[in-house]
Peer 1: 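Dropping the structure in here first, questions after.
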Amino acid sequence: KEVLDQLEHLKAQIEELEMKEKDLDQQKIWLQQSIKNVSDDPTNSRFAYVTHDDICNCFSGDTLLAVLAPSGTQLEVPVPEMGQNGQKKYQVNLRSHSGPIQVLLMNRE
Amino acid sequence: SCLTPVSAMTYKFNGSPSKDLRDINNMIKQGERM
Amino acid sequence: AQECQNLELEKQKRMERIKQKRAQLQELILQQIAFKNLVQRNQRSEEQNQSPPPQNSVIQLPFILLNTSVRTVIDCSISSDKCEYLFNFDNTFEIHDDIEVLKRMGMSFGLESGKCSSENLKIAKSLVPKSLESYVTGMSAGPSWLNQDQFTCNSEPTQTALLT
């Protein structure tokens with residue numbers, strides 16, 4: 001009897017989880033649409049910028065490269081390799097098929 | 001030491017989730033692909 | 001008893017999936033709040049300054065950001081049409097998207113780390129659709145909200161005893 005009770009209990013829980021998951025899926029779709037609407041709104045895009053100071057304040061004294069690129073631009077980072085001089089080399093490739101890429105070097109100094 | 005195989009991690013502008021960038025950062029920090 | 005075990009596995013799988021979907025929803029909520037908060041901030045500052053900031057002092061969204069130590073030597077090759085870039089660094093670097101930058105600027109009111117004041121929580125809730133306000137309240141309670149398990153797990157040990 002106890003196992004049967006447990007069986008019913010689990011079935012009820014799984015049913016509730018299923019509803020919860022459907023709810024989350026729906027919320028996600030609505031929110032994605034909402035974000036798209038908000039970011040496509042001309043007024044909002046007019047004010048959708050950050051200042052150099054905003055960024056420099058967040059990354060205290062690092063050298064910063066801001067990359068503005070068309071949608072679909074591919075960024076590739078190979079696994080770091082050891083160079084001949086025994087020093088590791090880190091690489092980033094940027095490739096766009098639909099327009100030029102803008103890179104801005106920022107450093108507070 | 002030579003790392004084989006060399007396989008790059010990618011991110012697509014306006015197409016990939018932020019998590020992909022976090023994975024790339026972890027790879028750079030660890031020196032190998034997780 | 002075998003069916004019980006199967007259902008228990010099914011339940012665990014669903015709970016894990018729900019946890020991931022909740023995390024994805026949280027990311028989208030933070031994205032919307034941060035973006036709208038940034039727009040409102042810039043609108044206020046332009047009204048106060050009676051003019052937009054100089055064009056060469058701002059970066060339009062969307063963008064991504066590479067940051068590396070100021071001592072890092074960066075070698076850059078650019079194709080003539082500016083459609084291909086190759087960067088070589090002699091040190092580690094990080095890459096962040098604009099939403100991560102906005103979070104660091106505080107544009108998501110610290111919701112991602114559960115450090116949100118009640119006043120900011122009110123503003124944050126006003127920046128999302130009404131149906132998501134309860135999620136924002138949950139997020140302000142901190143990361144434990146994500147791991148919240150809506151079924152009390154402690155019933156499991158008795159269950160396994162039953163099944164064995």
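Within every chain, numbering begins at 1; the chains are lettered A, B, ... in the order of the sequence lines, protein sequences first and strands thereafter.
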Peer 1: Can you tell if the side chain of L24(A) reaches within under 4.5 Å of the side chain of K28(A), non-hydrogen atoms only?
Peer 2: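 Not in contact.
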Peer 1: Which residue out of E10(C), Q24(C), E3(C), Q40(C) racks up the most heavy-atom pairs below 4.5 Å with chain A?
Peer 2: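 Most heavy-atom pairs within the cutoff with chain A belong to E3(C).
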Peer 1: Which of the residues E21(A), K89(A), R95(A) is involved in the greatest number of heavy-atom pairs with chain C at under 4.5 angstrom?
Peer 2: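 The answer is E21(A).
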Peer 1: Any side-chain heavy-atom pair from H9(A) and Q13(A) closer than 4.5 angstrom?
Peer 2: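 With C-beta onward as the side chain, the pair touches.
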Peer 1: Count the heavy-atom pairs under 4.5 Å between each of I74(C), D75(C), L102(C), L25(C) and chain A, then report the option with the highest count.
Peer 2: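 So the answer, after comparing I74(C), D75(C), L102(C), L25(C), is L25(C).
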Peer 1: Go through the steps to decide whether R104(C) and F59(A) satisfy the test side chain to side chain contact (heavy atoms under 4.5 Å, CB included), and finish with yes or no.
Peer 2: CA-CA 9 Å; R104(C) 293 190 185 207; F59(A) 291 91; 3.2 Å; yes
Peer 1: Between D41(A) and chain C, which part of the residue has a heavy atom less than 4.5 Å away: side chain, backbone, both or neither?
Peer 2: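 Answer is neither: D41(A) stays 4.5 Å or more from chain C.
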Peer 1: Which residue out of L86(C), T68(C), V128(C), I78(C) racks up the most heavy-atom pairs below 4.5 Å with chain A?
Peer 2: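 If we count pairs closer than 4.5 Å to chain A, T68(C) comes out on top.
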Peer 1: Let me know if A69(A) has heavy atoms under 4.5 Å from chain C in its side chain, its backbone, both or neither.
Peer 2: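 The answer is neither part of A69(A).
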Peer 1: By a 4.5 Å heavy-atom criterion (distance strictly below it), what part of T72(C) contacts chain A: side chain, backbone, both, or neither?
Peer 2: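 T72(C) has no heavy atom closer than 4.5 Å to chain A.
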Peer 1: Tell me, side chain or backbone of R71(C) under 4.5 Å from chain A's heavy atoms, or both, or neither?
Peer 2: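 Neither part, no heavy atoms under 4.5 Å.
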Peer 1: Go through the atoms of V103(A) and report whether side chain, backbone, both or neither lie under 4.5 Å from a heavy atom of chain C.
Peer 2: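 Answer is both: backbone and side chain atoms of V103(A) are under 4.5 Å from chain C.
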Peer 1: What part of P52(C) is in contact with chain A, defined as an atom under 4.5 angstrom from a non-hydrogen atom: side chain, backbone, both or neither?
Peer 2: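 Side chain only.
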Peer 1: Would you please test Q32(C) and L127(C) for side chain to side chain contact (heavy atoms under 4.5 Å, CB included) and show each step?
Peer 2: CA-CA 7 Å; Q32(C) 169 131 332; L127(C) 300 175; 5.6 Å; no
Peer 1: Walk me through it: do F89(C) and V92(A) pass the test side chain to side chain contact (heavy atoms under 4.5 Å, CB included)?
Peer 2: CA-CA 8 Å; F89(C) 299 78; V92(A) 174; 3.9 Å; yes
Peer 1: Whether the D53(A) and T51(A) side chains hold a donor-acceptor pair (N or O, under 3.5 Å, no angle test) is what I'd like checked.
Peer 2: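 Note: D53(A) and T51(A) side chains miss the donor-acceptor criterion.
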Peer 1: With a 4.5 angstrom heavy-atom cut-off, is it the side chain or the backbone of L4(A) that approaches chain C, or both, or neither?
Peer 2: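 It is neither, since no heavy atom gets under 4.5 Å.
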Peer 1: Give, as side chain, backbone, both or neither, the part of S98(A) having an atom under 4.5 angstrom from any heavy atom of chain C.
Peer 2: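 S98(A) has no heavy atom closer than 4.5 Å to chain C.
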Peer 1: Can you tell me which of P70(A), A48(A), S34(A), S71(A) forms the most heavy-atom pairs within a distance under 4.5 Å of chain C?
Peer 2: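 Top count of heavy-atom pairs under 4.5 Å with chain C: A48(A).
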Peer 1: Parallel, tilted or perpendicular: which fits the ring planes of Y85(C) and F87(C), with parallel below 30° and perpendicular above 60°?
Peer 2: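 Parallel.
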Peer 1: Looking only at the side chains, is there a donor atom on one of N6(C) and Q2(C) sitting less than 3.5 Å from an acceptor on the other?
Peer 2: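 The criterion, which ignores hydrogens and geometry beyond distance, is satisfied for Q2(C) and N6(C).
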Peer 1: Report, as yes or no, whether the 6.0 Å neighbourhood of atom CD on Q102(A) holds more than 12 heavy atoms from other residues, nucleotides or ligands.
Peer 2: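 Check fails, neighbour count at 12 or below.
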Peer 1: When only pairs under 4.5 Å are counted, which of V101(C), I95(C), T92(C) shares the most heavy-atom pairs with chain A?
Peer 2: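 Greatest number of close heavy-atom pairs with chain A: T92(C).
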Peer 1: Just checking, any donor-acceptor pair under 3.5 angstrom between side chains of E46(C) and N42(C)?
Peer 2: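 There is no such pair (donor and acceptor under 3.5 Å, judged by atom type) between the side chains of E46(C) and N42(C).
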Peer 1: Side chain, backbone, both or neither: which part of L104(A) has a non-hydrogen atom closer than 4.5 Å to chain C?
Peer 2: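 For L104(A), side-chain heavy atoms alone lie under 4.5 Å from chain C.
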Peer 1: Is chain A contacted by the side chain of P62(C), its backbone, both, or neither, given a heavy-atom distance below 4.5 Å?
Peer 2: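 For P62(C), backbone heavy atoms alone lie under 4.5 Å from chain A.
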Peer 1: Given a strict heavy-atom distance threshold of 4.5 Å, which part of D90(C) is in contact with chain A: side chain, backbone, both, or neither?
Peer 2: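 Both parts, backbone and side chain.
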Peer 1: Does the side chain of E8(C) come under 3.5 Å of the side chain of Q12(C) through a donor N or O and an acceptor N or O?
Peer 2: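 Side-chain D/A pair, E8(C) to Q12(C): present.
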Peer 1: Can you tell which of L64(A), I55(A), L68(A), I35(A) has the highest number of heavy-atom pairs within less than 4.5 Å of chain C?
Peer 2: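 The candidate making the most pairs under 4.5 Å is I35(A).
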Peer 1: Among the options Q32(A), H97(A), E18(A), Q87(A), pick out the one with the most heavy-atom pairs lying under 4.5 Å from chain C.
Peer 2: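 Top count of heavy-atom pairs under 4.5 Å with chain C: E18(A).
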Peer 1: Please assess Q31(C) against L31(A) for the test side chain to side chain contact (heavy atoms under 4.5 Å, CB included), listing each intermediate value before the final yes or no.
Peer 2: CA-CA 10 Å; Q31(C) 188 175 331; L31(A) 189 51; over 6 Å; no
Peer 1: If you count heavy-atom pairs under 4.5 Å with chain A, which of I59(C), D98(C), N88(C) comes out on top?
Peer 2: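 Looking at each of I59(C), D98(C), N88(C) in turn, I59(C) comes out on top.
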